[in-house]
Amino acid sequence: MTNTEFQSRLLNWYDQNKRSMPWRDCGDPYKIWLSEIMLQQTRVDQATPYFERFVDHYPSVNALAEADQQDVLKVWEGLGYYSRARNLHAAAQLVVDDFDGRVPDSWDDITKLKGVGPYTASAVLSIAFQKKYAVVDGNVIRVLSRYHGIDEDVRSTKTKNGIQEHADELISEERPGDFNQALMELGATICTPSNPDCGSCPLQDGCVAYKTARTEELPYKSKKKKRPHHQIGVGIVRNQKDQVLIALRPDDAMLGGLWEFPGGKQESGETFPDTVKRELHEELDITVSIIKPFMKLDHAYSHFKITLHAYLCELEEGKPEPRTSQEIRWIAIDELTEYPFPKANRRLTEKLMNLNKGQQELEI
DNA sequence: AAAACGGGGAG
DNA sequence: CTCCCAGTTTT
């Protein structure tokens with residue numbers, strides 16, 4: 001199949017079958033940029049409601065640039081990879097300061113923005129500005145590795161570079177943005193990881209994997225390491241004013257800019273109450289007594305898993321003084337909703353708020 | 001080149 | 001349970 005045939009079959013299929021998305025065909029570089037950041041390692045269905053809410057809060061680059069980071073993170077809460085939100089916020093301020101409030105339309109300028117790597121630069125430049133840059137994401141890797149019968153490990157840089165060259169070679173001159181979106185749309189809806197719908201594929205004729213019945217084994221990926229599992233003890237410390245103690249995670253840490261109940265990893269030979277007391281003493285220079293177990297929950301991150309053991313605590317001695325220059329705050333239970341929390345901690349705040357509403361159990 | 005970085009859904 | 005997702009940054 002010639003490149004021209006590849007393009008026309010793919011684009012015709014796309015014109016007939018593309019899904020509706022709130023940022024699609026809007027022509028607004030800000031919304032297209034925002035959507036591409038949200039879609040990094042995130043499915044369309046998961047990102048869409050966040051996109052709508054984010055645009056309601058911040059309809060323009062200027063609105064985003066003027067916002068407080070805490071408010072931006074609150075809108076982003078639950079979507080994960082929070083450095084995306086922090087970087088996007090900082091990048092919006094750079095766009096206002098250095099680019100007159102307009103999303104850059106050149107490779108050299110747009111890649112100056114935090115959080116904009118080769119994929120996002122290509123996506124925004126092609127979709128918003130009709131420039132001929134080919135995207136390579138997980139979908140394109142899958143479609144082209146099958147189409148060309150590439151059986152090298154697609155996790156390796158060399159293989160990805162080869163796929164980038166194929167994409168550069170194939171991309172449409174006239175409709176580069178639609179071509180990119182079409183290839184990704186095909187990967188998301190037809191050329192899926194398992195059980196691809198080859199009968200509906202416009203590229204079936206030229207597909208090596210289809211012709212050799214290897215769609216199930218391509219793309220080849222080396223195995224990922226299994227994730228360690230940690231036991232975490234955390235303290236929900238209450239004072240006489242019925243407030244609880246929360247701590248802000250530093251910007252350069254995992255979950256940076258979000259709040260949490262203080263705690264840490266269990267050490268060998270420790271009971272969980274021991275862990276909570278030790279961590280709160282080390283991190284905040286306070287002595288607490290354990291009142292009772294509050295909640296136990298499991299949570300999985302991208303590279304490790306935790307079981308979180310939360311205990312209701314009472315401040316015994318000392319005034320909390322964070323040692324690692326992180327901010328701490330005493331807040332009422334019904335204020336918990338105003339702060340951005342990571343998912344595992346949000347499960348704790350939800351139970352706290354429910355119990356508080358019912359006036360039960362929470363009394364010490 | 002490899003690891004860090006969230007959360008949700010599918011199989 | 002594992003794998004994957006419209007990847008980027010840091011080490």
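Every chain is numbered from 1, with letters handed out A, B, ... down the list of sequences.
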Taking only residues two or more places apart in sequence or in another chain, which ones pass side chain to side chain donor-acceptor pair (under 3.5 Å) with A:N62? none
Between P on B:dC5 and NZ on A:K225, what's the gap in Å once rounded to a whole number? 13 Å
Round to a whole Å and report the spacing from CD of A:E77 to P of B:dG7. 9 Å
Over how many whole Å does the gap from A:L183 atom CG to C:dA6 atom C1' extend? 11 Å
Atom-to-atom span, OH of A:Y50 to P of B:dG6 - whole angstrom: 13 Å
A:K223 side chain N/O closer than 4.0 Å to the phosphate oxygens (OP1, OP2) of C:dC3? yes
From NZ of A:K226 over to P of C:dC4, roughly how many Å is that when rounded to an integer? 18 Å
Select base, sugar-phosphate, or nothing to describe what A:M254 touches, counting heavy atoms under 4.0 Å on all strands. sugar-phosphate
Pairwise 5' ranking along DNA chain B for A:D252 and A:T157, keeping only the more 5' one: A:T157
Please confirm whether A:K31 makes a cation-pi placement over A:F51, using NZ or CZ under 6.0 Å from the six-membered ring centre and within 45° of the ring normal. no
Mind checking A:R142 for me? I need base, sugar-phosphate or nothing, with any heavy atom below 4.0 Å counting as a touch. sugar-phosphate
Counting the atoms with a prime plus P, OP1 and OP2 as sugar-phosphate, which does A:R346 contact under 4.0 Å by heavy atoms, base, sugar-phosphate, or nothing? nothing
Identify whether any heavy atom of A:G187 sits under 4.0 Å from a base atom; if not, whether one sits that close to sugar-phosphate; answer base, sugar-phosphate or nothing. nothing
Close N or O pairs between protein and nucleotides 9-11 of chain B (under 3.5 Å):
none

Is A:R347 near enough to B:dG7 that one of its side-chain N or O atoms lies under 4.0 angstrom from OP1 or OP2? no
Looking only at side chains, do A:S289 and A:E316 share a donor and an acceptor under 3.5 Å apart? yes
Around A:Y210, counting heavy atoms of other residues, nucleotides and ligands shown, do more than 12 lie under 6.0 Å from its OH? no
Which part of the nucleic acid, if any, lies within reach of A:K158 when heavy atoms closer than 4.0 Å are counted: base, sugar-phosphate only, or nothing? nothing
For a quick test of reading the model: is some side-chain N or O of A:K305 closer than 4.0 Å to OP1 or OP2 of C:dT2? yes
Does A:E270 use its side chain to pair, donor to acceptor, with the backbone of A:E267 at less than 3.5 Å? yes
Nearest-neighbour nucleotide for the A:M21 side chain, C:dA6, B:dG7, C:dC5 considered: C:dA6
A:Q130 side chain vs A:R175 backbone, donor-acceptor pair below 3.5 Å: no
Expressed as a whole number of angstroms, how long is the span from A:L79:CG to B:dC5:C1'? 13 Å
Rounded to whole Å, please give me the gap between CE in A:M38 and P in B:dG7. 15 Å
Where the side chain of A:S302 is concerned, which of C:dC4, B:dG7, B:dC5 is the nearest nucleotide? B:dC5
Among C:dC4, C:dA6, B:dG8, find the nucleotide with the atom closest to the side chain of A:K343. B:dG8
With the 4.5 Å side-chain cut-off for hydrophobic clustering, are A:V72 and A:W33 part of the same group? yes
Of the listed nucleotides (C:dA6, C:dC4, B:dG7), which one gets closest to any side-chain atom of A:H299? B:dG7
Check whether any side-chain N or O of A:H303 sits under 4.0 Å from OP1 or OP2 of B:dC5, and answer yes or no. yes
What about the rings of A:F179 and A:Y14, do their centers lie closer together than 6.0 Å? no
Are OP1 or OP2 of C:dT2 and a side-chain N or O of A:K221 less than 4.0 angstrom apart? no
Any N/O pairs under 3.5 Å between the protein and nucleotides 7-11 of chain C? List them or say none.
unit_1	atom_1	unit_2	atom_2	d
C:dG7	OP1	A:G138	N	3.1
C:dG7	OP2	A:Q41	N	2.9
C:dG7	OP2	A:Q41	NE2	3.4
C:dG7	N7	A:Q41	NE2	3.3
C:dT8	OP1	A:G117	N	2.8
C:dT8	OP1	A:G117	O	3.2
C:dT8	OP1	A:Y119	N	3.4
C:dT8	OP1	A:T120	N	2.9
C:dT8	OP1	A:T120	OG1	3.0
C:dT8	OP2	A:Y119	N	3.2
C:dT9	OP1	A:G115	N	2.6

Distance, P atom - from B:dG8 to C:dT8, rounded to whole angstrom: 22 Å
In one Ile/Leu/Val/Met/Phe/Trp/Tyr side-chain cluster, 4.5 Å: A:I246, A:I328: no
Taking the six-membered ring for Trp, is the centroid-to-centroid distance between A:H230 and A:F304 below 6.0 Å? yes
When you group the ILVMFWY residues by side-chain heavy-atom contacts below 4.5 Å and let the links chain together, are A:L88 and A:Y50 in the same group? yes
Inter-nucleotide P distance (C:dA6, B:dA3), Å rounded: 24 Å
Atom pair distance, as rounded to whole Å: CZ in A:R227 and C1' in B:dA3: 14 Å
